[in-house]
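In what follows, every heavy atom counts, from backbone to side chain, and hydrogens, waters and symmetry copies are set aside. Per chain, numbering begins at 1; letters A, B, ... match sequence-line order.
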Amino acid sequence: MDQKIPQPPKWAIRFLMWYCRPELLEDLQGDLNEYFHRNLREKGVSAARRTFIIDVMKFFRPYVIRKPSFSNPLNGKVTMKKQVLFSLRRLSRHKLTTGINILGLTLGILSCLVIYLYVSFEFSYDKFHTDADRIYRITVSATRKNGSQGIGASMPSPLAADLRRESSGFSAVTGLYTDDTRVLVPMTGKPARVIPAIGDDERQHITFTDSDYLKIFHYQWLAGNPATALQRPFSVVLTESEAQRYFQDGRPEDWMGRSVVYYDSLPVSVTGIVKDWQQNSDFGFKDLISYNTIEHSFLRNDMEGWNLWQSNVNVYVKLSPGTTAAQAEKQFPAFFQRHNRIGEKAALSLQPLADIHFNGDYADLYGRRAHKPTLYALAGIALFILVIAAINFINLSTAQSILRAREVGVRKVLGSSRGSLIRQFLNETGIIVMAAMALALVLANPVIGALHGFTPEGIRLHIGDLHTWIFAGLTILVTCLLAGWYPARAISSFLPVITLRGQGTQQLNSKSYLRKSLIVFQFTVSLIFIIGTMMVGRQIHYMLNTDLGFKKDAIVTIDLPRDQPKNRKIVLATEVRRMVGVQEVSVNSGSPEAGSHGGTAIEYNGKTHTKIDAGFVQIDPDYIPLYELTLVAGRNFTIADTARRGSDPAPGDAGPAQTPYRAFILNETAARALGFSHPADAVGQQVSSGFGGILGPVVGVARDFHSQNLHQKIQPFFFTTQQAAGGTLSVKLSSAALPAGQVKTLMSELETNFKKLYPESTFQCRFFDESLKRLYRREQQTSEIMDIAMCIAIFISCMGLFGLAAFTANQRTREIGIRKVLGANVPQLVSLLSRQFVALVVLSTLIAAPVAGWAMHEWLQDFAYQTSMPWWIYVLAGAAAVAIALLTVSFQAIRAATANPVRSLRSE
Amino acid sequence: MKGTHLGEFEELVLLTIASLVNSAYSVAICDELSKHADRSVKLGVVHAVLNRLEEKALVKSELGGASATRGGKRKRFYTLTTAGKASLLRAKEIRDTLWQKIPNLTLNRI
């Protein structure tokens, strides 16, 4: 009969019994039962149950909940202070293990910390602007006449002004025309100070812009008025640091109205001084010159109007509140239609400010791009290294637990609860982790300093920064739990009956499976890094040493100023050719392989009309022999080709638009793309190129060579004649193996010659092979990061192995002693001790090989020309890992094996 | 200590315990209060107050008889301690004094 009476839900009762204080439980449970029965009568089963559950939940309040019972009479009095003391004693007794743990965790935490600082640095870019979510850059996706697609942030120069007039939904629209030039600062009573241009490698910090720019990006004004400062032509707003650089002393008010001369002939006066932004930004402009200065000066000749996407013109907008990007974009097609004189199909769109720092598709000349996948990969690497270090900790602690088994037994017998034991072990872990964190915090800044080469400027650990401390706190917590939780639980689970009887090891043997799999994991990660490093190195070696189709050794390139009369180039070339140690000299517009070349269309009117896009370089007859390019058909240019070319309309580097070409040399790909099945057939045909469309004969066909880095397939390319038109002087030295001293004299001699003709310009000279290496900077960086990650991973893994081997050897001292007495020799003993570790590393190789193989295959997809991935890479990596592991282990093994057995057996 | 100050609800619970004499346990107190105070009184609230009163040593409790409806669990019976009685009296005194000071208070005058 009793069974038929409905009962309150069991789980709720169990929950109540779990949390309720024992002294309150009986009474409370009784009350709840009484209510349950009452509700049963009045409201029915389900309502009664529901109320019961709700009441149980309601009673979950402080005065009902039992106190967590870690403590008991014996251990309860052990204060935190004593626990720390115990832990310190234990740690100092096992110096090797403690040292390995601290060192490993320091490396792990340090990697995490540095990478955290790096990643958060990159993600901090341009986060500080007011209404940053309303700021956008206008980008374009264009379909060229030949059908190829292109995207970019380059804009026609009048776009900003026209858009502002003809659109709605923007609270500000501004155009930037960025440039780099040297600056003259007139001084009273002294010659003007000359501040050189920053050069190609640096980010530009001079821009022409208007008042709207100041509405989008806010500055703190030290002098001047943001509303009017950029209104009139020939005004400039300087940041404080730039003004200090120019004028050297004085206060912001003193600098107002002073004159600064850009481009040697464009004087502007200072109308405002603003504070430099302290935060990270891609908009590092220090000189803001009023945009209408352009139309009032010779610079208007550089403006192509609506005819061209100009790479140094960008447009930024700020949306009005309440307007979405999609709404604003709707007016673009009609707007572009009205103005388009470029003759391309193109769609304008808005790129959010937050995307600018990470989107490498849109290039500009002042910002720096961060590569998000690289950042994520780095974060992953950091995590792996930390996990490897934590694994060391787990392995060493569980291995050592044999020693602690008796301690645990005694503690338990004396009434220690499991909770308090776990706390004691976590306490130990905490001390180690905190020591490691302290070390990592101290080492972070020196390490960042050492990585200076491939991390951007400005990353530092700021001790006062709250985020740093939050990160440190979280890392400590996570590491403690990651490293300490399992050992703490494992060790505290020992049954006193077994451990005190002296058979602790039996219980512990099962743990060695975990230990083994953790070692396998560690070495798998290490091996993936090893294989990765080898493959990245191999690809870089391949890229730098593969036959590019031209010579790259012993060639020096010198940048020539573009705004000087061209006969000076010829004079300089002649002078240089006379120098001792110089074999060949050519004036041209660029090296055969560069980050970018000029590009234009080339057409052939054969049976069918073919028009292709091709890269090109303007060269003289000395170019092809100098770079040792091979001609598969036809001939090189001659002086006659160059001379017949016609005259330049203006001094300097006239664009292809005005230059009637006479002769062409195509590469094989271009010849094929124009429809010649045999490249040689192209010789003698008339092709036309460029905007001018002047016809000219193909005089030769060059064997294909790599005109871009090896990420790209070989593209159609051509050479054309242009006497002394380019801005580059290529000089071939007589031998690649010149002694350093002689190279130095040659360089200074080159500089002297250069300065004689261009006294005002800076002498910039590079070895061509160095320039080529720079094309693979990112790969070099990947390789360096992989190197470091590999070293750290291997180092930490080996430390763990070392500790374990030391421990095993120690445990088996007696066994080894007996074996030795019975006639085992040292090699046998060493192999006995090392065998299992080596087996684990071999297993790791088997796991790592396919994983690494797949990962590297993916990485190589980024290259049009890939090195091979031979099988022996894996074998080599595995062998290396085995060798390293063996070296680590055998140190301990040999020590154990050579010890005198008398010592180990005597103590019985 | 929190002192002997009595909250309004505490006072009601104390009075109920006193009025129930020997049968004052949580459910009974709850029912009695609901009946007289004309408001729904939740068991959880009563428990909390009883707990607090016991902490203040105004009531003492002992476990008494079990019943079938309680699933075999015993009841906890509450009785006033001397301190509890004293604080009730004191609360009444304060009120009385204040009442006496009011010259003539009837509801309809307000």
Side-chain angles (χ1 to χ4, degrees), chain A residues 1-69 71, chain B residues 1-3 6-7 9-10 12-14 16-17 20 22-35 39-81:
Chain A
M1 192 183 92
D2 257 7
Q3 280 99 337
K4 280 177 191 160
I5 297 174
Q7 294 297 317
K10 280 233 173 58
W11 64 268
I13 299 177
R14 238 180 328 212
F15 178 57
L16 177 75
M17 287 166 86
W18 174 72
Y19 75 72
C20 186
R21 286 186 192 195
E23 65 267 26
L24 295 180
L25 179 64
E26 175 151 15
D27 171 37
L28 199 58
Q29 207 184 340
D31 287 357
L32 288 175
N33 281 341
E34 206 174 323
Y35 265 93
F36 177 75
H37 284 285
R38 193 185 289 180
N39 286 335
L40 205 57
R41 266 200 320 276
E42 292 167 6
K43 297 176 188 160
V45 186
S46 55
R49 288 215 163 140
R50 204 164 46 234
T51 321
F52 187 89
I53 293 170
I54 292 171
D55 280 343
V56 166
M57 298 300 168
K58 273 188 176 168
F59 272 110
F60 191 80
R61 34 172 103 188
Y63 80 95
V64 185
I65 298 169
R66 68 164 94 206
K67 294 243 157 59
S69 57
S71 45
Chain B
M1 282 304 284
K2 285 175 187 166
L6 278 184
F9 193 69
E10 286 177 340
L12 280 181
V13 172
L14 266 188
T16 318
I17 294 173
L20 286 171
N22 281 329
S23 56
Y25 77 103
S26 42
V27 177
I29 296 169
C30 218
D31 293 345
E32 189 76 5
L33 268 175
S34 308
K35 200 162 71 191
R39 62 183 184 193
S40 102
V41 178
K42 292 276 183 286
L43 184 64
V45 182
V46 171
H47 257 277
V49 168
L50 286 173
N51 196 61
R52 204 154 58 229
L53 289 174
E54 198 163 10
E55 253 176 37
K56 289 183 184 175
L58 299 179
V59 298
K60 58 180 190 283
S61 68
E62 56 194 73
L63 289 171
S67 73
T69 50
R70 290 178 63 83
K73 305 291 178 196
R74 287 174 294 171
K75 295 170 180 171
R76 183 176 289 277
F77 286 104
Y78 291 86
T79 46
L80 293 194
T81 59

What distance separates [X] [atom1] from [Y] [atom2], expressed to the nearest 0.5 Å?
X      : Y      : atom1 : atom2 : value
H47(B) : L32(A) : NE2   : CG    : 7.0 Å
R74(B) : D27(A) : CZ    : CG    : 10.0 Å
K73(B) : E34(A) : NZ    : CD    : 14.0 Å

Contact origin within Y35(A) toward chain B - heavy atom pairs under 4.5 Å: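 Side chain of Y35(A) only, per the 4.5 Å heavy-atom cut-off to chain B.
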From CA spacing to verdict: side-chain contact (heavy atoms from CB on, under 4.5 Å), L43(B), F59(A): CA-CA 9 Å; L43(B) 184 64; F59(A) 272 110; 4.1 Å; yes
E42(A) atom CD: more than 12 heavy-atom contacts under 6.0 Å: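 Enclosed.
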Enclosure of M17(A) CE (heavy-atom neighbours >12, cutoff 6.0 Å):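 At most 12 heavy atoms, drawn from other residues, nucleotides or ligands, come within 6.0 Å of this atom.
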Heavy-atom side-chain proximity of R21(A) to N51(B) below 4.5 angstrom: no
Pick from L28(A), L40(A), D31(A) with the largest number of heavy-atom pairs that fall under 4.5 Å of chain B: D31(A)
Nearest atoms (heavy-atom pairs only) where A48(B) meets R61(A): CB-NH1, 4.0 Å
